[in-house]
Amino acid sequence: MIKISRDKLNGALAKIARSCDLFLPVKKAGEVNYGKFDENAEVSLDTLKTVKSAKDFFFPQSETMMKFKLSGKNIEIEDIRKQPEPFVIFGVRGCDYRSFSILDNVFLQEPVDTFYKARRDAATIVTLACNKPETSCFCKAFGIDAAEPQGDATGWLDEKYLYLNANTEKGEKLLETVGEFSQPDDGKAVEELKKTTREITAKLPYSNIDLSRFKPENLNELFNLPVWNELSEACLGCGTCTFVCPTCQCFDIREFKTDTGVNRFRCWDSCMYSDFTQMAAANSRTTQMQRYRQRFMHKLVYYPSQYGGTYSCVGCGRCVNKCPQHLNILKVIKKIGGRKDD
Amino acid sequence: MTNENLIPRIGVITDIRRDTPDVKTFRVVGTDGKKLFEHLPGQCAMVSVPGVGECMFSITSSPTNTEYMEFSIKKCGCVTEVIHSLEPGQQITVRGPYGKNFPVEGDFKGKDLLFIAGGIGLAPLRSVINYVRHYRKNYGKVVVVYGSRSKDDLVDIEEIKNEWINEPDFQVYLTIDRPQEGWDGHVGFVPAYVKELGLDPTMTAVLCGPPIMIKFTLQGLLELGFKKERVYTTLELRMKCGIGKCGRCNVGDKFVCKDGPVFRMDELDELPPEY
């Protein structure tokens, strides 16, 4: 383990940024989100949660997939994919780090999504332990340890130092890069930090929320619960929850015409939208209740059924903070989770 | 499957046949004049007109056709409307094949087969019926019950009349919804006709057509003693990626593009009714 004192941190980050693109939580227009490091960036490693999740790095909100040139009856396809340059993401919290493996299950499963995979392979991920998880955090319910996230390297911050430990070869290389700014550490301070974080986490109101009823074998029983009507009543179908969610992976593929042809792109989409399942002649989900139910059934029942029991939620609490109607996955879990008598 | 799952190939439309007032069948090859890719009966492909959109269609031609692929496409939305306006020589894009096929080398082998189709529902069945005709010895007797709104709405009627009815141990029953001048065949809806025919419930059945037809035909088959484990159908939902990632065709713990479109009726019983 090494440590870098806070006054040398900027120098260390600048050194990383000279070798490849470095992304980390940056404050811009009053909000903290992942942004590219440069000397003017207002780095904010102490902010607990970025507004948007870290999924953009591998599954961007919008990306051009290919271009078509049209002439007469002929079409030419231009494959515009390039091998991405290596890059570093610094300061990923345990919840967001878990979300990568949830997305991996979908995008890296055969047939592999090569757009996603290329970016995934190019990344070095440095996670950052949480110091003060807040009330909307419930990562512990999904078995995530906010005190010791994984990744290529793990970081801990206290008032004086950033402590770093390498977990992979990529991580060791990164620690070498910042070697001149660092000194060895015996790990005692980190043990204290971990202990404090775990104590705070244990006392959070939703850390032990009961998920026991969300099991694949209860699929039809849960689908048919009348309580979905009540739960979804206030839903506006705005899709904010899906856009801030680190595990929502639905996308649309669309095209637009350019001066020289057609660009095909994909972008995030939301199962909360009324035209998500609209076909020429039919729509399989015509009410907001059905769409609301789909989102939570997918996260808590369908996905676990497909991927060995893993829930497609990391307890980051972004939907809890951002839903304009104060609806969120916690309300669903509380209402349905452990009850057997509905 | 090509290495690139989301990047399509270029196909050339070499022939267009008008089947019915709103169904045309498009013959497609690659730019080298050869078949674009191999598939199995029941599998689908994403066809697009760049600048208009991309849609999933079942591959109507049989895998045993080594020269080209065919898509029977009903005009019913903005993409299919443009596809219907295309002319031979036009290039389109095609990617696939996608999805699970009918178990022609599994459960179907050696069995008596009953195919029931309504309207454009014949499109996915034509692929498997012609596959069965090609490997005729591998299967038992074949019964086809096919109905449409009118005699003008029967897809592939030329192939049915000129080829299918001449096959040995191969019965074809056609019906149209309402009486029509020039039609001396059966009149009535498919589900009722199926019950009238008193079909042998030991056959393995494949149903394809509008949801309402499937619902009532299945009821009829169950009354006749058919078992759900031996009745197959195909589902159709909105799709974008075709490889189980975009989330659009998700029903329960299945993706129709990847885990379907072919399902057994007992498998559908396990899924929430959102299809």
Side-chain angles (χ1 to χ4, degrees), chain A residues 65-70 72-77 79 81 106-107 109-116 216 219-220 222-224 248-257 261-264 266 269-271 275-285 290 293-294 297-298 301-306, chain B residues 1-13 31 46 48-55 74-81 86-93 98 210-211 236-255 258 269-275:
Chain A
M65 300 173 81
M66 68 204 80
K67 294 179 178 178
F68 299 99
K69 277 191 185 140
L70 313 175
K73 289 182 171 176
N74 293 340
I75 301 169
E76 207 181 300
I77 301 173
D79 187 350
R81 283 170 305 163
V106 176
F107 288 106
Q109 168 187 269
E110 286 294 331
V112 171
D113 186 314
T114 49
F115 293 84
Y116 177 92
L219 190 151
N220 277 304
L222 298 179
F223 182 91
N224 289 314
C248 268
Q249 110 271 325
C250 288
F251 61 84
D252 196 1
I253 297 177
R254 301 187 80 91
E255 294 168 349
F256 65 88
K257 288 183 178 159
V262 170
N263 284 9
R264 181 175 290 175
R266 70 167 161 192
D269 202 349
S270 174
C271 59
D275 61 355
F276 186 71
T277 46
Q278 180 71 55
M279 294 190 287
N283 190 343
S284 52
R285 287 190 280 271
Q290 292 170 325
R293 178 174 60 188
Q294 166 65 18
M297 285 294 285
H298 185 246
V301 185
Y302 305 158
Y303 185 98
S305 167
Q306 289 161 326
Chain B
M1 177 77 65
T2 61
N3 287 331
E4 274 319 325
N5 307 302
L6 293 167
I7 310 258
R9 299 182 184 194
I10 293 171
V12 186
I13 298 175
T31 46
M46 273 288 201
S48 104
V49 179
V52 179
E54 194 178 37
C55 292
K74 181 174 173 170
K75 184 159 87 174
C76 61
C78 49
V79 175
T80 52
E81 196 161 312
L86 300 178
E87 291 170 359
Q90 175 69 50
Q91 293 189 345
I92 54 174
T93 77
Y98 296 125
E236 186 182 2
L237 284 177
R238 188 86 196 265
M239 295 172 189
K240 285 284 179 175
C241 72
I243 53 175
K245 309 205 190 294
C246 78
R248 216 160 277 261
C249 66
N250 174 230
V251 185
D253 55 2
K254 301 277 186 280
F255 289 100
K258 184 163 70 78
D269 276 352
E270 310 272 307
L271 296 181
E274 278 193 327
Y275 47 83

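All heavy atoms count here, side chains included; hydrogens, waters and symmetry mates do not. To find a chain, count down the sequence lines: A is the first, B the second, and so on, and within it residues start at 1. Being a predicted model, the structure only gives us computed values, none of them experimental.
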Point to revise | B:I7 backbone acceptor or donor facing A:D79 side chain under 3.5 Å | key: no

Check your understanding: Where is the tightest heavy-atom contact between A:I75 and B:P50, given as atom of each residue plus distance?
Key -> CD1-CD, 3.7 Å

**Study point:** Top contributor to chain A contacts, counting heavy-atom pairs under 4.5 Å, from B:G77, B:C76, B:P273, B:G252
**Key:** B:G252

**Study point:** Close side-chain approach of B:E274 to A:R293, heavy-atom, < 4.5 Å
**Key:** yes

Exercise for review: Output, in order, the C-alpha distance, side-chain angles, deciding distance and verdict of side chain to side chain contact (heavy atoms under 4.5 Å, CB included) for B:C246 and A:F251.
Suggested key: CA-CA 5 Å; B:C246 78; A:F251 61 84; 3.6 Å; yes

Check your understanding: Say you draw a straight line from OG of B:S48 to CD1 of A:I253; how long is it, rounded to the nearest 0.5 Å?
Key -> 10.0 Å

Check your understanding: Is B:P8 close to A:I77 at the side-chain level, that is, under 4.5 Å between some pair of heavy atoms?
Key -> yes

Study note, to complete from the structure: If you tally heavy-atom pairs under 4.5 Å between each of A:R264, A:E110, A:Q109, A:R254 and chain B, the highest tally belongs to A:R264

**Study point:** Donor-acceptor pair, side chain of B:N5 and main chain of A:V112, under 3.5 angstrom
**Key:** yes

**Study point:** Atom group of A:D269 that falls short of 4.5 Å from chain B, counting heavy atoms
**Key:** side chain

Practice item. Without swapping roles, check the side chain of B:K245 against the backbone of A:P111 for a donor-acceptor pair under 3.5 Å. Key: yes

Check your understanding: So, for A:C250 and B:G247, which heavy atoms are closest and what is the spacing to 0.1 Å?
Key -> SG-CA, 3.7 Å

Exercise for review: Identify which part of B:L271 has an atom lying under 4.5 Å from any heavy atom of chain A, answering side chain, backbone, both or neither.
Suggested key: backbone

Check your understanding: Checking A:N220 against chain B: side chain, backbone, both or neither under 4.5 Å from a heavy atom?
Key -> side chain

Review point. Which answer fits A:F276, side chain, backbone, both or neither, if we ask what part of it has an atom under 4.5 Å from a heavy atom of chain B?
Key: both

Study note, to complete from the structure: CG (B:L237) and CE (A:M279) are apart, to the nearest 0.5 Å, by 5.5 Å

Exercise for review: Report the distance from atom SG of B:C241 to atom CZ of A:F107, rounding to the nearest 0.5 Å.
Suggested key: 8.5 Å

Practice item. Measure distances from B:P211 to the heavy atoms of chain A and classify the residue's part below 4.5 Å as side chain, backbone, both or neither. Key: neither

Practice item. Could you grab the distance from atom CD of A:E76 to atom CD1 of B:I10, nearest 0.5 Å is fine? Key: 7.0 Å

Practice item. Answer yes or no: is there a side-chain heavy-atom contact under 4.5 Å between A:R266 and B:K240? Key: no

Review point. Side chains of A:Q294 and B:N250: do they bring a donor and an acceptor to under 3.5 Å?
Key: yes

Point to revise | Residue selection (most heavy-atom pairs with chain B, distance under 4.5 Å) from A:T277, A:L219, A:V301, A:L70 | key: A:L219

Revision key, fill the gap. When the 4.5 angstrom heavy-atom criterion is applied to B:V79 and chain A, the contacting part is neither

Review point. Do you know the tightest heavy-atom contact between A:R285 and B:R248?
Key: NH2-O, 4.3 Å

Check your understanding: Is the number of heavy atoms from other residues, nucleotides or ligands within 6.0 Å of NZ (A:K73) greater than 12?
Key -> yes

**Study point:** Among the listed options A:Y116, A:Y302, A:F68, A:F115, the residue most often paired with chain B at heavy-atom distances under 4.5 Å
**Key:** A:Y302

Check your understanding: Tell me, side chain or backbone of B:P88 under 4.5 Å from chain A's heavy atoms, or both, or neither?
Key -> backbone

Revision key, fill the gap. Value for OG1 (B:T93) from CE (A:M66), rounded to nearest 0.5 Å, stands at 8.0 Å

Check your understanding: Do you know which of B:K254, B:E236, B:Q91, B:R238 has the most heavy-atom pairs under 4.5 Å to chain A?
Key -> B:Q91

